[in-house]
Amino acid sequence: MKHALTTTRASDFAAWYQEVIAAADMAEESGVRGCMVIRPWGYGIWERIQRLMDDRIKAAGVQNCYFPLFIPLSYFAKEAEHVDGFAKEMAVVTHHRLIADGKGGLTPDPEAKLEEPLIVRPTSETVIGAAMARWVQSWRDLPLMVNQWANVVRWEMRTRMFLRTSEFLWQEGHTAHADRADAMKETLRALEMYREFSETVLAMPVIAGEKPEHERFPGAEATYSIEAMMQDGKALQAGTSHYLGTSFAEAAGIRFQTSEGDHAFAHTTSWGTSTRMIGGVIMTHGDDDGLRVPPAIAPFQVIIVPMLREDEGDAAILDYCASLAAELGAQSALGERVRVHLDKRPGKSAGKRWEWLKKGAPVVVEIGGRDVAAGKLAAIRRDALYRDDGKLATEFPERAPFVAGIGALLESIQTNLHAEAKARLDANIVRDIVDWDGIVHYFKTTPVPGWVEISWSRPTGAALDAVVEKVKALKLTMRNVPLDAVAASGTCPLTGEPAVERILIGRAY
RNA sequence: CGGGGAGUAGCGCAGCCCGGUAGCGCAUCUGCUUUGGGAGCAGAGGGUCGCAGGUUCGAAUCCUGUCUCCCCGACCA
């Protein structure tokens with residue numbers, strides 16, 4: 001069957017991923033190492049994610065604010081584990097002026113060296129912690145819950161668009177609480193928010209769980225994640241939530257007077273999701289014809305393409321399209337007005353149709369003179385592009401019932417995309433392996449391996465290091481300990497010790 | 001950051017070894033024909049060959065440096 005992309009998922013998944021991004025006009029190279037230009041269609045998807053996530057964040061009583069891009073090195077140095085975790089990937093500002101280098105170029109002015117270097121934030125715990133120290137005096141000031149939408153920079157060695165870029169966009173929530181129980185409750189609330197968001201908005205099923213010790217955020221006491229399975233079976237960590245204990249509060253001085261009159265350090269949390277989720281959407285829903293955008297995050301849900309012939313009949317077609325767009329736009333889907341776009345650009349309608357299909361617009365409607373005369377239209381749904389015979393599954397409904405049913409149609413596409421991905425996730429987690437040979441056999445013989453969930457002994461220290469090395473030899477990593485896993489049983493295949501909990505293992509991005 | 005590959009028109013590529021007027025396909029534009037599923041024919045426009053030096057009468061081509069991308073590894077909350 002002929003497809004819109006030249007690379008298929010089966011032939012070269014990594015190349016396919018890049019082709020989708022290019023073909024859907026989502027993002028492109030910027031000329032700056034590891035940084036991308038996010039184009040309107042990609043950014044429009046991000047704006048949708050922002051809006052729907054922001055609604056949830058605010059509904060939880062968290063307020064938005066904004067903190068500086070630059071963080072004094074001294075702030076950052078206060079939490080030792082945090083520094084160790086990020087020091088190797090830091091962008092540092094050392095000068096504030098340029099001068100001519102005598103060769104026609106510019107160079108930092110040695111006279112303008114900063115007294116204290118500024119780092120470009122890789123995350124904002126330290127600078128937000130400093131503010132929280134000022135804002136929190138009394139137990140009455142807690143909990144303090146803030147969030148910011150921002151860009152952060154991490155100088156990664158190897159970058160991939162949306163999945164791991166030097167600069168990325170995200171939201172980072174930061175909260176301070178009077179005690180451990182309250183902070184842990186917030187950590188898990190944020191995790192559940194991410195799980196629900198991923199499932200219902202991104203139509204991307206995930207497993208929520210706790211990261212093993214060695215995968216924790218630097219400085220955290222506990223890290224939780226949502227893990228999504230891509231179409232190549234690899235895991236993508238799509239959101240994290242951390243219980244930070246009191247170490248960041250101690251480093252920043254977030255101290256308060258309790259109702260009993262003594263002093264205590266706050267228990268803090270942080271949680272984040274980023275533009276990486278867009279990479280997850282691509283690798284969850286994309287197919288060999290490009291992207292498929294879940295209707296909830298599609299910048300436009302319905303595209304109307306008039307089939308113009310540059311003759312006197314065009315005016316009637318455009319009138320018909322305009323009134324159809326208005327009627328569709330007055331309908332609701334997924335709790336919002338339907339987002340309709342009338343593509344009035346000149347050009348061949350076939351070319352425009354494929355452009356929108358590659359972008360993944362959920363529904364493409366084409367209108368020709370015959371439709372105007374008959375009061376009908378031609379509709380293509382992106383989640384079910386082809387008929388069994390390989391031709392486009394275009395339908396030709398009457399206008400009025402189509403308009404009345406658009407909300408239900410978009411909702412069914414949203415549901416359908418989720419169901420497809422959920423079936424794939426469920427089918428590719430193996431839960432009955434009980435020994436190391438079984439793990440090796442699974443990953444060596446399965447053409448597109450997914451994940452295995454095993455009972456393990458939760459080793460720590462050197463024993464954990466040994467286990468990490470052992471699975472690394474198979475290019476595997478421990479993903480998380482699912483919150484809703486069944487009880488552990490038997491012996492840990494990795495250590496031979498009695499198992500205490502269930503953990504997911506798989507290849508990861 | 002180590003090993004490998006690549007950068008030539010909007011996109012995909014050839015030309016480079018062996019230096020001598022910048023090529024092809026798709027896309028774009030024009031004309032004619034066509035017209036309900038990515039139309040056909042004819043013609044046209046578009047590139048300081050990633051960037052900076054060097055060698056040479058002459059550099060896309062040879063040399064040096066540098067930037068960016070891709071693959072493998074290391075790294076990756």
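Just so we're clear, the structure is a prediction, and the values are computed from it rather than from any experiment. Protein chains get the first letters and strands the later ones, always in sequence-line order, with residue 1 at the start of each.
Put simply, CH2 on A/Trp354 is 17 Å from C1' on B/C26, counting in whole angstrom units. Atom CZ of A/Phe86 is separated from atom P of B/C75 by 17 Å (rounded to the nearest Å). Taking atom NE2 on A/His214 and atom P on B/C75, their separation rounds to 12 Å, with Å as the unit. Rounded to an integer number of Å, the gap from CD of A/Glu227 to C1' of B/C76 is 14 Å. Counting to the nearest Å, the C1' atom of B/C26 and the CD atom of A/Glu19 are 13 Å from each other. A/Arg370 places its CZ atom 11 Å from the P atom of B/U35, with the value rounded to the nearest Å. In this structure, the CZ atom of A/Arg353 is 6 Å from the C1' atom of B/G38, given to the nearest Å. Distance CD1 (A/Ile380) to C1' (B/G36): 11 Å, rounded to an integer number of Å.
Across B/G36 and B/C24, the matching P atoms stand 33 Å from one another, rounded to whole Å. Comparing the C1' positions of B/G65 and B/A22 gives an interatomic distance of 26 Å, to the nearest angstrom. One C1' atom belongs to B/U55, the other to B/U61, and the distance between them is 13 Å to the nearest Å. B/C72 and B/C62 have their C1' atoms separated by 30 Å, given to the nearest Å. Between the P atoms of B/C1 and B/G10, the separation comes to 31 Å (whole Å). Spacing between B/U68 and B/G31 at atom P, rounded to whole Å, works out to 45 Å. Nucleotides B/G73 and B/C13 are separated by 30 Å at their C1' atoms, to the nearest Å. Comparing the P positions of B/C67 and B/C29 gives an interatomic distance of 40 Å, to the nearest angstrom.
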For nucleotides 68-72 of chain B, list the nitrogen or oxygen atoms of the protein found under 3.5 Å from its nitrogen or oxygen atoms, one pair per line.
residue: B/C69; atom: OP1; partner: A/Gly34; partner atom: N; Å: 2.6
residue: B/C70; atom: OP1; partner: A/Gln18; partner atom: OE1; Å: 3.4
residue: B/C72; atom: OP2; partner: A/Arg158; partner atom: NH2; Å: 2.2

Derivation of the ring pair (Phe, Tyr, Trp, His ring centres under 6.0 Å) call for A/Tyr243 and A/His177: CA-CA 11 Å; A/Tyr243 167 61; A/His177 305 262; 9.0 Å; no
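Applying the 6.0 Å contact sphere to NZ of A/Lys185 captures no more than 12 heavy atoms from other residues, nucleotides or ligands.
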For a quick check, with a 4.0 angstrom heavy-atom cut-off, what is the B/S/- contact string for nucleotides 29-34 of chain B, read 5' to 3'? ------
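Within the structure, the salt bridge (charged side-chain N to carboxylate O under 4.0 Å, His left out) test picks out the following pairs touching residues 7-28 of chain A (sequence neighbours left out): A/Arg9-A/Asp288, A/Asp25-A/Arg39, A/Asp25-A/Lys359, A/Glu28-A/Arg39. Screening residues 220-246 of chain A for salt bridge (charged side-chain N to carboxylate O under 4.0 Å, His left out) gives A/Arg180-A/Glu221, A/Lys211-A/Glu227, A/Glu227-A/Arg479 as the qualifying pairs, with residues at least two apart or on separate chains.
Within 4.0 Å of A/Phe248, counting heavy atoms only, lies no atom of the nucleic acid at all. Counting non-hydrogen atoms under 4.0 angstrom, A/Lys352 reaches nothing in the nucleic acid.
In this entry B/U68 has B/A6 as its Watson-Crick or G-U wobble partner, both defining distances falling under 3.5 Å.
The phosphate of B/G40 (OP1 or OP2) has no side-chain N or O of A/Lys348 nearer than 4.0 angstrom.
Classification of A/Asp383 and A/Arg381 as a salt-bridged pair holds, one side-chain N sitting under 4.0 Å from a carboxylate O. Salt-bridge formation is detected for the pair A/Arg387/A/Asp389: a Lys NZ or Arg NE/NH1/NH2 atom is positioned less than 4.0 Å from an Asp or Glu carboxylate oxygen.
When the ring-ring contact (aromatic ring centres under 6.0 Å, His included) test is applied to A/Tyr509, no partner is found at least two apart in sequence or on another chain.
When distances are taken from the side chain of A/Arg164 to each of B/C76, B/G36, B/G38, the shortest belongs to B/C76.
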What side-chain donor-acceptor pairs closer than 3.5 Å can you find for residues 123-133 of chain A, not counting sequence neighbours?
residue: A/Thr123; atom: OG1; partner: A/Glu125; partner atom: OE1; Å: 2.5
residue: A/Ser124; atom: OG; partner: A/Gln148; partner atom: NE2; Å: 3.1
residue: A/Ser124; atom: OG; partner: A/Glu172; partner atom: OE1; Å: 3.4
residue: A/Ser124; atom: OG; partner: A/Glu172; partner atom: OE2; Å: 2.7
residue: A/Glu125; atom: OE2; partner: A/Ser270; partner atom: OG; Å: 2.6

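Inspection of the A/Thr269 and A/Thr175 side chains reveals an N or O donor paired with an N or O acceptor under 3.5 Å.
Taking the six-membered ring where tryptophan is involved, the planes of A/Trp41 and A/Trp356 are perpendicular, since the angle between them exceeds 60° and thus also 30°.
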